[in-house]
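Everything below concerns the one structure shown next.
Just so it is clear: chains get the letters A, B, ... in the order the sequence lines come, proteins before strands, and each one is counted from 1. Everything numeric here is computed off the predicted structure, so don't read it as measured data. Hydrogens, waters and symmetry mates play no part in the numbers below; they use all other heavy atoms, side chains included.
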Amino acid sequence: MPELPEVETVVRDLLRAGVVGSTISGARNGWPRTLQGISLRTFRKRVVGARILDVQRRAKYIVIPLTSRQWLLIHLRMTGRLHIEGADQPVSSHERAALQFADGRELRFVDTRKFGRWRLVRDIDTVLGDLGPEPLAPGFTAKHLHKILQSRRRTLKPLLLDQHVIAGLGNIYVDEALWEAGIHPCRISSTLASADAQRLHSAIRTVLRRGIRSMGTSLGTGKGNFYSVAGRRGRNQDGLRVFRRHGEACPRCEATLERLVVGQRSTHICPTCQVMRKG
DNA sequence: GTCTATGTTTGCGG
DNA sequence: TCCGCAAACATAGA
């Protein structure tokens with residue numbers, strides 16, 4: 001579901017929809033736990049009258065700075081979706097939270113599985129402070145990645161999924177990146193050579209950029225799939241090389257792709273391109 | 001109808 | 001520190 005490219009797509013769509021500058025006039029909350037650590041009553045008191053200053057992304061968080069020095073942080077988790085709609089449009093039965101704007105539009109959060117969260121904070125670091133580096137940031141170099149990998153002795157895939165280590169990767173893009181780099185997900189991070197780290201670094205950036213360019217990965221058509229603002233589907237599913245393609249031929253060597261479980265996550269590899277060496 | 005798996009994150013126990 | 005497991009939930013598919 002929403003990993004870095006999907007969240008980036010939502011952020012861009014929100015900016016394109018023109019939410020920046022909107023004044024908040026009210027709020028709804030259909031599922032109390034969605035508004036993490038705050039009652040609707042308090043939430044309303046703090047946001048009504050505030051204006052949206054920007055929409056940004058950090059890791060898989062949507063970061064919305066408001067006037068009055070507050071931040072609204074939205075995490076889509078598995079099934080969260082955001083929509084900008086007129087107040088007169090019918091409300092989904094799965095709507096968990098919404099902001100009403102003075103111009104008659106609303107920012108609506110629809111989340112079937114109810115894992116998504118909205119947080120309203122004055123100090124952004126209480127939520128974002130412990131996240132690892134952004135893999136697409138200019139300062140994130142292959143050398144930097146190699147250092148991270150060397151500093152831990154952990155199975156590679158769970159390490160790459162750990163948001164404290166690198167921020168923004170999820171199951172889909174990790175599998176794609178490891179295939180792209182030709183590295184087995186069960187390798188121990190500290191055993192990767194500098195050349196491995198360089199290939200992995202390049203692969204991570206390649207698959208993330210491709211995901212953003214394709215406006216995200218929307219597998220299937222069910223309620224659990226990724227849709228951006230206005231219900232737009234991504235098309236990165238057509239660009240996936242291995243994820244959920246077990247049984248098909250590897251695009252590089254024609255071997256049959258396999259599915260295995262690593263760190264309790266379904267994992268997709270080419271057994272020929274991604275061999276276990278040391279570790 | 002039943003059972004299993006699911007893209008995320010957090011927290012617990014070993 | 002690290003890992004495995006369960007939970008937070010609803011739905012799709014076998």
For DNA chain C, the residues among [range] that have a non-hydrogen atom under 4.0 Å from it:
{"range": "residues 30-37 of chain A", "value": "A:W31, A:R33"}
{"range": "residues 155-185 of chain A", "value": "A:T155"}
{"range": "residues 119-133 of chain A", "value": "none"}

Partners of [X] by salt bridge (charged side-chain N to carboxylate O under 4.0 Å, His left out), sequence neighbours excluded?
{"X": "A:D103", "result": "A:R105"}
{"X": "A:R244", "result": "none"}
{"X": "A:R154", "result": "A:D162"}

- Geometric cation-pi criterion A:R252 and A:W179, 6.0 Å radius, 45° cone: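 Output yes; distance and angle both within limits.
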- Message: Counting Watson-Crick and G-U wobble pairs with both distances under 3.5 Å, what is the dot-bracket string for DNA chain B, 5' to 3', using [ ] for crossing pairs and | for pairs to another strand?
- Response: .|||||.|||||||
- Item | Shared-cluster residues of A:Y61, by chain and number - hydrophobic side chains joined below 4.5 Å |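 Cluster partners of A:Y61: A:V63, A:W71, A:L73, A:V121, A:I124, A:V127, A:L128, A:L131.
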- Pair listing, salt bridge (charged side-chain N to carboxylate O under 4.0 Å, His left out) test, anchored in residues 8-25 of chain A, at least two apart: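 Pairs touching residues 8-25 of chain A that pass the test: A:E8-A:R12, A:E8-A:R57, A:D13-A:R16, A:D13-A:R232.
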If you restrict it to nitrogen or oxygen atoms, what contacts under 3.5 Å exist between nucleotides 1-3 of chain B and the protein, and what is each distance?
none

- Message: Tell me every residue that passes ring-ring contact (aromatic ring centres under 6.0 Å, His included) with A:Y173, counting only those two or more places apart in sequence or in another chain.
- Response: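 A:Y173: no ring-ring contact (aromatic ring centres under 6.0 Å, His included) contacts found.
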- Please collect all side-chain hydrogen bond (donor to acceptor under 3.5 Å, both in side chains) contacts where either partner lies in residues 26-40 of chain A, sequence neighbours excluded, each pair once.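 Matches after skipping sequence neighbours: A:R28-A:E95, A:R28-A:E106, A:S39-A:T42.
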